[in-house]
Novice: 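Handing you this structure, nothing more for now.
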Amino acid sequence: MNVREEQADILLIGGGAAGCYAALTLGEKHPELKVLLVDKANIKRSGCLAAGVNALNAYITPGHTPQDYVAYAKEDAAGIVREDLLLSMSEGLNDVTAKLEKLGLVIQKNPDGSYASRGWRNIRINGENIKPLLARAVLDQSNVKVRNHVNIVDYLVVDGKVCGAWGIDLKQEEIVVFTAKAVICSTGGAAGLYQPNHPGSSRHKMWYSPFNTGAGYAMGLRAGAEMTTFEMRFIALRCKGTIAPTGTIAQGVGAPQVNSRGEKYQGKYGNTTAQRLWAVVKENLSGHGPCYLATHGISPEQAAALERAYLNMAPAQTLFWRESGLSPQEFDVEIEGSEPYVVGGHTASGYWIGADRSTTLAGLFAAGDVAGGCPQKYVTGALVEGEIAAESAARFAVTAAAKMDLTGIKDTICKQVQHFYGTEDSPYTAESLEEAMQQAMDEYAGGIKSHYGYSESSLKIARRHIERLQGLSDNLRAPDAYGMLKIFELRERLLVCQALLAHLAARKETRWPGFAEHLDYPEMRDEFKVFINSRLEEGQIKIIRRPLAAATKEAVS
C-alpha cells in the first residue's frame, strides 16, 4: 500500500458526538489551529447518534443544580465515580443544549415556552437529524478538515508522548500517517464483545452502535495508558425484539414494570439502572416472567405520542406496533436485557483521566464514551467533555514540539499491515473468530445465557478462550483494506475482552447486580469501594487499585 502523510496541530479520532463537538469548539474558538477530524465512517451518520435520539437525558431542569446530577450519578453507580469529572460535566450540560438548539435541533416546548422535560434531568427533542446538524457545523469550520472512511489502527508514540496516529484509508486503500501536537480520542465504547440477543444476519440489531469496537480502549492499552472500571459493564433494558429504549415508555407515559401476573415488582429490587435490569432477570428466573411495561389502557393520544417519539430514535418499534397490531394502548410491551457493553457514557469505564480530560499519556486526551470515571453523561455530557478536551488540547499544542521524528515508525507500520495482507487461504475468518469470542464471553463471562452472572472458574475458562483466539487472529489474512479493517476490529475487541476479564476477576464482590453478578461473591464489600484500574504490561493486564478520593490532574498524571 502507498503511504500518505498528513499533519495537524490537533488530531481528533472519532467523529461521533464528542469528536464533532470538540472539532466545533476548536473551529469557533481556536481558528489559528489546524485541526484534523478522522472517522472510519462518515461523520454525518456515524457513532451512537447515527439514527437519532428522542431526548437529551442529561440536563439540569429548573429547581435543580449540577450538584444534584452528581449525587444522582454517584448513587446509580454505587459510589464508584469521579465526582470532580461529574461536576465539570454537569456544569456544562445546559450550555451545550442551548448550542444544539442554535444549530437547529428541535427541542419540544411547553405552552409557556419552557423546555418539555421528561423527569427532572432530561428534556424531549425531535432528534432524528441531530448528527447531520453537528456534522454540518463541523464542516463549516475553515480550520477543520474531515477525513471520512479512514480507520485509525494505532497511536504514534515517541519518547512516551502521543504525537499522532496511523490508519488505513478504506476508499483509497492507502496507509495514512497523521502527526499532531495533541490528540483527542473520542472513538466510543465497545459493542460486539458478547453474543447478542439476535443471531446470524440480525446480530447487529443491538442497543449500542455495532461499529464501536473499543478501538480507543485498545489503542490506549497498547500504548500503556491507564484504564478504569471496565468491570462496570452496561446492559440495556430494552423492548423485546426491537431493542428500542424503555425509558421513552416508562417516563413518557409513566408505565411501571410488571410481571406475567400483572404484579408491580420493582420495589423489591431497588431503582438504580442496574437494579431495574436485575429485577427483570430475577422475575424471569423465579418463573414470574415474561416482564412488561404496563401500557395497556393508555389513551390514544399517548399511544400516538409514543409512536412519534420512537420515529426519532428507534423506528423499528413503531413499525413493529403497526405491523403486528400489538398497539401499546391494547397490549403491554415485553422487555428484556441486552448483551453487556463497555461504555463510559453510561458507566465509569474508560481512560483514567484528569479534570482537563488528559489521559496518563502525554499529548493524549479523551472525551465521551471512551473517557472513564464519569457515568450517566449521555449525549450532552459527551459534548461537554468534547469541549473540555478541545480546550485542553489547544493549550497543550501551544507548547508541543512542531515536528516529530518518525524515523523507523513508517517501516514498522508497513510491516504490520503487510503481515495481515494476503490472499492465501486461512482455516479461519475474522467473522468466525468473532463469533467464537462472543460465545465464550456469553457463556463464561456473564452474558445473556448465564443471566449476567460469572464465577472465578468461569472467568478463567473465558480467559483461556480469549488467549487462544488472540493467537489464531495472528494468522488471519485479507486481500484488501476492508478485510484488514475486520481483522483490526476483531483484535481490538479481543484485547478489550482481555482487559474486561481481568477487571471482572479483580472486583471480588457484586456491586451492581444485573450489570455484573459475581457468583462467588454475591454481596457488596467495603474493601472494594475503590477504583479498579489497569495497564497492559508485556502482554498482560496489570490491575491497579486507586482510592475513591476525587483525583486532581496532578494525581492522575
Novice: Could you check whether the rings of Phe234 and Phe515 sit parallel, tilted or perpendicular, using 30° and 60° as the cut-offs?
Specialist: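 Perpendicular, since the angle between the ring planes exceeds 60°.
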Novice: For the residue pair Phe211 and His204, categorise the inter-ring angle as parallel (less than 30°), tilted (30 to 60°) or perpendicular (more than 60°).
Specialist: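 Tilted: the ring planes of Phe211 and His204 meet at 30° to 60°.
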Novice: Applying side-chain contact (heavy atoms from CB on, under 4.5 Å) to Leu495 and Leu536, what does each step give before you reach the verdict?
Specialist: CA-CA 10 Å; Leu495 181 52; Leu536 183 67; 4.2 Å; yes
Novice: How are the rings of Tyr310 and Trp321 set to each other: parallel, tilted or perpendicular (split at 30° and 60°)?
Specialist: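 Tyr310 and Trp321: perpendicular rings.
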Novice: Is the closest side-chain donor-acceptor distance between Ser392 and Arg357 under 3.5 Å?
Specialist: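 Absent: no donor and acceptor within the cut-off.
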Novice: Using a distance-only test with no angle check, is there a side-chain donor-acceptor pair under 3.5 angstrom linking Arg308 and Asn54?
Specialist: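 Distance-only check fails for Arg308 and Asn54.
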Novice: Give, for atom CD1 of Ile335 and atom CZ of Arg238, the distance between the pair rounded to the nearest 0.5 Å.
Specialist: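 Reported value, rounded in 0.5 Å steps: 11.0 Å.
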Novice: Should His64 and Tyr69 count as side-chain neighbours, where that means a heavy-atom distance under 4.5 Å?
Specialist: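 They are not in contact (no side-chain heavy atoms under 4.5 Å apart), so the answer is no.
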Novice: I would like to know whether Met484 and Val417 meet side-chain contact (heavy atoms from CB on, under 4.5 Å); could you show each step before the answer?
Specialist: CA-CA 8 Å; Met484 279 189 283; Val417 173; 3.6 Å; yes
Novice: So, Tyr208 versus Asp369: side-chain donor-acceptor pair below 3.5 Å or not?
Specialist: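 Their side chains do contain a donor-acceptor pair, which is all the 3.5 Å distance test asks for.
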Novice: Heavy-atom count around Arg322 CZ within 6.0 Å, excluding the residue itself: above 12?
Specialist: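 Not buried by this count: 12 neighbours or fewer within 6.0 Å.
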Novice: Is the shortest heavy-atom distance from the side chain of Leu11 to the side chain of Leu36 under 4.5 Å?
Specialist: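 Touching, per the 4.5 Å side-chain cut-off.
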Novice: Flag the pair Leu105 / Ile125 as yes when at least one side-chain heavy-atom distance between them is below 4.5 Å, and no otherwise.
Specialist: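 Yes, side chains in contact.
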Novice: Is there side-chain contact between Tyr194 and Met437, with heavy atoms separated by less than 4.5 Å?
Specialist: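 No, too far: nothing below the 4.5 Å cut-off.
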Novice: I'd like to know whether Phe230 forms a ring pair (Phe, Tyr, Trp, His ring centres under 6.0 Å) with Tyr217, so could you lay out the CA-CA distance, the side-chain angles of the two residues, the decisive distance to 0.1 Å, and finally the verdict.
Specialist: CA-CA 10 Å; Phe230 276 24; Tyr217 301 146; 5.0 Å; yes
Novice: Is the closest side-chain donor-acceptor distance between Thr242 and Gln317 under 3.5 Å?
Specialist: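 Judged by distance alone, the side chains do pair up.
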Novice: When you check the side-chain N and O atoms of Glu391 and His30, is any donor under 3.5 Å from an acceptor?
Specialist: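 Yes, a side-chain donor-acceptor pair sits under 3.5 Å.
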